[in-house]
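Owing to the predicted nature of the structure, the values given are computational and were not obtained by experimental measurement. All values below were derived from every heavy atom in this structure, side-chain atoms included, with hydrogens, water molecules and symmetry-related copies excluded. Numbers restart at 1 for each chain; the letters A, B, ... are given by sequence-line order, proteins then strands.
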There are 4 protein chains.
Amino acid sequence: MFDGERDGRLQRLVNSAKRSFATRGFHATSVSLIVQEAGIARGTFYLHFDNKLHLFQSLLDSSLQNLTDQIKPISLEPGDPHPLEQISDNLTRVLDLVLADRDLSAILLNQTSSMSEVVESRLYDFYQQVADMIESSLVLGISVDLVRPCDTRLVAYSLMGSVKEVVQQMIIAPREEANVEETVQELLAFGLRAVLKEGQMSFLHERDRSRTAGVKAGR
Amino acid sequence: MFDGERDGRLQRLVNSAKRSFATRGFHATSVSLIVQEAGIARGTFYLHFDNKLHLFQSLLDSSLQNLTDQIKPISLEPGDPHPLEQISDNLTRVLDLVLADRDLSAILLNQTSSMSEVVESRLYDFYQQVADMIESSLVLGISVDLVRPCDTRLVAYSLMGSVKEVVQQMIIAPREEANVEETVQELLAFGLRAVLKEGQMSFLHERDRSRTAGVKAGR
Amino acid sequence: MFDGERDGRLQRLVNSAKRSFATRGFHATSVSLIVQEAGIARGTFYLHFDNKLHLFQSLLDSSLQNLTDQIKPISLEPGDPHPLEQISDNLTRVLDLVLADRDLSAILLNQTSSMSEVVESRLYDFYQQVADMIESSLVLGISVDLVRPCDTRLVAYSLMGSVKEVVQQMIIAPREEANVEETVQELLAFGLRAVLKEGQMSFLHERDRSRTAGVKAGR
Amino acid sequence: MFDGERDGRLQRLVNSAKRSFATRGFHATSVSLIVQEAGIARGTFYLHFDNKLHLFQSLLDSSLQNLTDQIKPISLEPGDPHPLEQISDNLTRVLDLVLADRDLSAILLNQTSSMSEVVESRLYDFYQQVADMIESSLVLGISVDLVRPCDTRLVAYSLMGSVKEVVQQMIIAPREEANVEETVQELLAFGLRAVLKEGQMSFLHERDRSRTAGVKAGR
DNA sequence: TATGAATGAGAGTTCATTCAT
DNA sequence: GATGAATGAACTCTCATTCAT
């Protein structure tokens, strides 16, 4: 979405809006500012969007959709990659996406309140869905005796919160040495230990073997 | 702060501001609204605060101060309570405070951007300090071989994020059965497993013995 | 209405609005213009009226009310003045009022369309009521064989139209010699001849006798 | 005018403009709306008219010209139809025209103010000319002792006002049974009685005789 | 001729802030 | 201290008009 016409007015409009929404927030971003930074006329804004809120919602929706597309439920079907691999891939894709468009991501993380109810509930619903997916995985893990019994909702929120915070910090003040692969491994190590049943930590190492095997096979 | 004059104009002003900032956000909260809900005159507002932003900053500062007061660094001095006890107490105090003034807490969690740079950096600094404290504890734990080696900054953010998210969910949609003590125990179980060195999980149980002992001794 | 505070801001506001609405019409009258001519600040406008339309409606309502108050149904009760006298008095009062506030009257006559439906139907209803009253009088007159049989609705509109047009011309380009009493007599002579039954024209002269008598008696 | 090219763009443009001006008024009719209803492009509008006002003026001028063409001065030349016949024919032609293009007529009656001075004075001049013609006839009638002495200007306005109001009501809410011929007869009966000298009412009946005669002779 | 994306002046309205009372 | 009428800068949005295609 918003990708055609490399340097058309619409593209410039969307980009300057994203940047300003991300850094200043919705209210502090005036239409005047957006069009000024985009180098277009005030009226042109309303050729493309009904109003400021509509533009914001478009950005939000497209952003949420992109994110949702990256997160795939963990599957235990035979032949599928190791669950750890799937989690890791999910995290990697999400971090890649988030870092690729920091402006958009900043909006997701910060603008939680005070524009329209529609926006608010859209964001709320999204995070609830993510929490739902995490919780499902936890329930599944408990049922196969891999995950320790716990308040699955609360733990789901905790896991989600860990990722959100790390992402936010990466966006705000990117650490030079930051590297997605390492970050994903740290997050995995953190999250898995937090939820796996004691004595199941060996689960962490299976993957390494299978990966090595896979790599060997791949050659 | 803001505590004298039980039902004076200032108190009413502050309360209605807190409520409105928390639910509507900074921008959607007009001075008109605040003074109207407080039942005072428009001009009176400016007798107490330079402007709307100043009031917001006052609330924020007082709130951050309160929180900071609740969080005590973990001490390993002999005679001090078990470190777990200290962490647990910190969490309990924070949750108690947060739930006692949801309005103020909502502000801390949501209004991250888009007013003044001062406000933004104040919040940023606060969270960095909290992360600093957590990180120090992690470093300490690693040095005594209790905590597994890890990217301490990233893990500190993860731990902080877990708590922030759980708190946010408790504020937004308080779960009926939610109870601070249980929440703290879940968070502890989550966080400790995530960072403790394998084989050190017995550390979790020491406390129970010492608590029981303490209770016995206390009688 | 709008009469207190001789030279207060509200009064200046209302006056300049009336003048501008009357001469430029509703759409060509901007709020900027009104406040500029009134010598007040833009925001002050909204202290007194919700918006431009609301101000216009207020003026219209107050104007219609004033007019309605001047028009009294013809009564044939014994002891009441001669019907002609009543008609004449009605006309005189209306003309006096209209000439006293030409701006407001111009609004009534010209601004028939294209603002809100509320305004439009308010004006429409008013003129229909006036036509209703005229028609009732005609029906009554026919029943006592004073008025010739006719399409009473059409004749009512004709009579109303005569007065409206004369009034409009008096407002637009006041004829120097114009004088309410003479105008009323001309309108009466016109209207009565138009509707009275042939041979009932003597009805016109009865009044003169009764007036003279009254004057004599008064001395 | 505007008659060539039956279904060309210009014709569609003019028609949709008329309709919209009549129902919404000048200001509430946007160029967007006109071109949209006409099914042509925005820019094409400006190929035919300098601007919105110019289009309105064109419509007004054409409309006024049409009306003017229908109104013929009363002639007393021997051999000409009876004066009443001429008045009646004038009225009939005007009503026919007005009812044939209600959109245009609505514009004439309602949009009296608030666009350009040119438009305003064009309308004003038109009505003054009509009043002039009526007044001339009155003066003539007085000179031959047919019409009662009166304030001829005021009576001219009254007569014009009668017709305008009846026309307006016919346009706004056409009465089912309304029929041009009957309406003309009612208006004539109204107007003649209002101005004829007492005792000259027989003048009204002469015509019937002459018409009957004419019809007879015509066969 | 015809198009419609682009323009920008200007409209109505809001609201943080001031100040005479 | 307390008031609230007054202010005016700044906002969102509209729309008549232009012009490159």
For this session: Please determine, for the side chain of R42(D), which listed nucleotide (dG4(E), dT7(F), dA2(E)) has the closest atom?
Result: dG4(E)

Exercise. Between A41(C) and N51(D), which is nearer to the 5' end of DNA chain F once each is assigned its nearest nucleotide?
Worked result: A41(C)

Exercise. Mind checking whether F21(C) and F56(C) have parallel, tilted or perpendicular rings, split at 30° and 60°?
Worked result: perpendicular

Exercise. Within the side chain of T44(C), is there an N or O that forms a donor-acceptor pair under 3.5 Å with the backbone of I40(C)?
Worked result: no

Problem set entry | Nearest-0.5 Å distance, CZ of residue F45(C) to CG of residue L10(C) | 10.5 Å

Seminar exercise, completed: Using Watson-Crick geometry (N1-N3 plus N6-O4 or O6-N4) or G-U wobble (N1-O2, O6-N3), each under 3.5 Å, dG4(E) is paired with dC19(F)

Seminar exercise, completed: The answer to which of G43(D) and F45(B) contacts DNA chain E further toward the 5' end, by nearest nucleotide, is G43(D)

Problem set entry | Interatomic distance, L55(A) CG vs dC13(F) P [rounded to whole Å] | 11 Å

Exercise. What is the distance from CD1 of I34(B) to P of dT17(E), rounded to the nearest Å?
Worked result: 11 Å

For this session: Grab the CG-P distance between L33(D) and dT14(F) for me, whole Å please.
Result: 14 Å

Problem set entry | Plane angle bin for F49(B) and H54(B) - parallel if under 30°, tilted between 30 and 60°, otherwise perpendicular | perpendicular

Exercise. Can a side chain N or O of H48(A) be found less than 4.0 Å away from OP1 or OP2 on dA6(E)?
Worked result: yes

Exercise. Could you give the NE2-to-P distance, from H27(B) to dA10(F), as a whole number of Å?
Worked result: 15 Å

Problem set entry | Nearest-Å distance for atom pair CD1/P, residues I40(D) and dT3(E) | 7 Å

Exercise. Starting at CZ of F49(D) and ending at C1' of dA16(F), how long is that distance when rounded to a whole Å?
Worked result: 15 Å

Problem set entry | d(CG, L13(D); P, dA16(F)) in whole Å | 13 Å

Exercise. Given dC15(E), is OP1 or OP2 found less than 4.0 Å from the side-chain N or O atoms of S32(B)?
Worked result: no

Exercise. Starting at the 5' end of DNA chain E and moving along, which residue's nearest nucleotide shows up first, V31(C) or T29(B)?
Worked result: V31(C)

For this session: Find the partner of dC13(F): check Watson-Crick (N1-N3 plus N6-O4 or O6-N4) and G-U wobble (N1-O2, O6-N3) distances, both under 3.5 Å, and reply none if neither fits.
Result: dG10(E)

Seminar exercise, completed: Among dA16(E), dG4(E), dT3(F), the one nearest any side-chain atom of Y46(B) is dA16(E)

For this session: To the nearest Å, give me how far apart CD (Q36(C)) and P (dA11(E)) are.
Result: 10 Å

Exercise. Contact class for S30(A) (heavy atom, under 4.0 Å): base, sugar-phosphate, or nothing?
Worked result: sugar-phosphate

For this session: Check whether any side-chain nitrogen or oxygen of R9(A) sits under 4.0 Å from OP1 or OP2 of dA6(E), and answer yes or no.
Result: yes

Problem set entry | Nucleotide of dC13(F), dT17(F), dT3(F) approaching K52(D) most closely (side-chain heavy atoms) | dT17(F)

Exercise. Is a side-chain N or O of T29(A) found less than 3.5 angstrom from the main chain of S20(A), in a donor-acceptor match?
Worked result: yes

For this session: Looking only at side-chain atoms of L47(A), point me to the closest of dT3(F), dT7(E), dT17(E).
Result: dT7(E)

Exercise. Taking the side chain from S16(D) and the backbone from E37(D), do they hold a donor-acceptor pair closer than 3.5 Å?
Worked result: no

